[in-house]
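Written out below as structure tokens is the structure these notes cover.
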Amino acid sequence: MKKILSILLFSLLVIGCKTTANKDSGGTTSTISAEEDLKYYFKGTGNEPFWGIKMGNEELFLHP
């Protein structure tokens, strides 16, 4: 009984941790995002109040 329960729990854990593929239908947003990912080496966001920061080699971008 314990063996069956542990196998069931393990299988649920594996199914729950499955990654999903990014299914982007448009090509422009993914290329812009990829270029932006290469441009900035650090990105941070907050929510009280909402803010964001992007740091790159040539640019520091802070948006409130």
Query raised in the report: For Phe42, what residues pass the side chain to side chain contact (heavy atoms under 4.5 Å, CB included) criterion, not counting sequence neighbours?
Result: Ile53, Met55
Query raised in the report: Are the side chains of Ser6 and Leu9 in touch, meaning some heavy atoms are under 4.5 Å apart?
Result: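 Counting from C-beta outward, Ser6 and Leu9 never come under 4.5 Å.
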Query raised in the report: Got more than 12 heavy atoms from elsewhere within 6.0 Å of CD1, Ile4?
Result: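 Open.
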Query raised in the report: Cluster question for you: counting only ILVMFWY and a side-chain heavy-atom cut-off of under 4.5 Å, with indirect links fine, are Trp51 and Leu60 together?
Result: yes
Query raised in the report: Are Tyr41 and Leu62 connected, step by step, through hydrophobic side chains (Ile, Leu, Val, Met, Phe, Trp, Tyr) whose heavy atoms are closer than 4.5 Å?
Result: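 Yes, because Tyr41 and Leu62 connect within a single hydrophobic cluster, where side-chain heavy atoms sit under 4.5 Å apart.
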Report summary line: Between the NZ atom in Lys54 and the CD atom in Glu59, the distance rounded to the nearest 0.5 Å is 9.0 Å
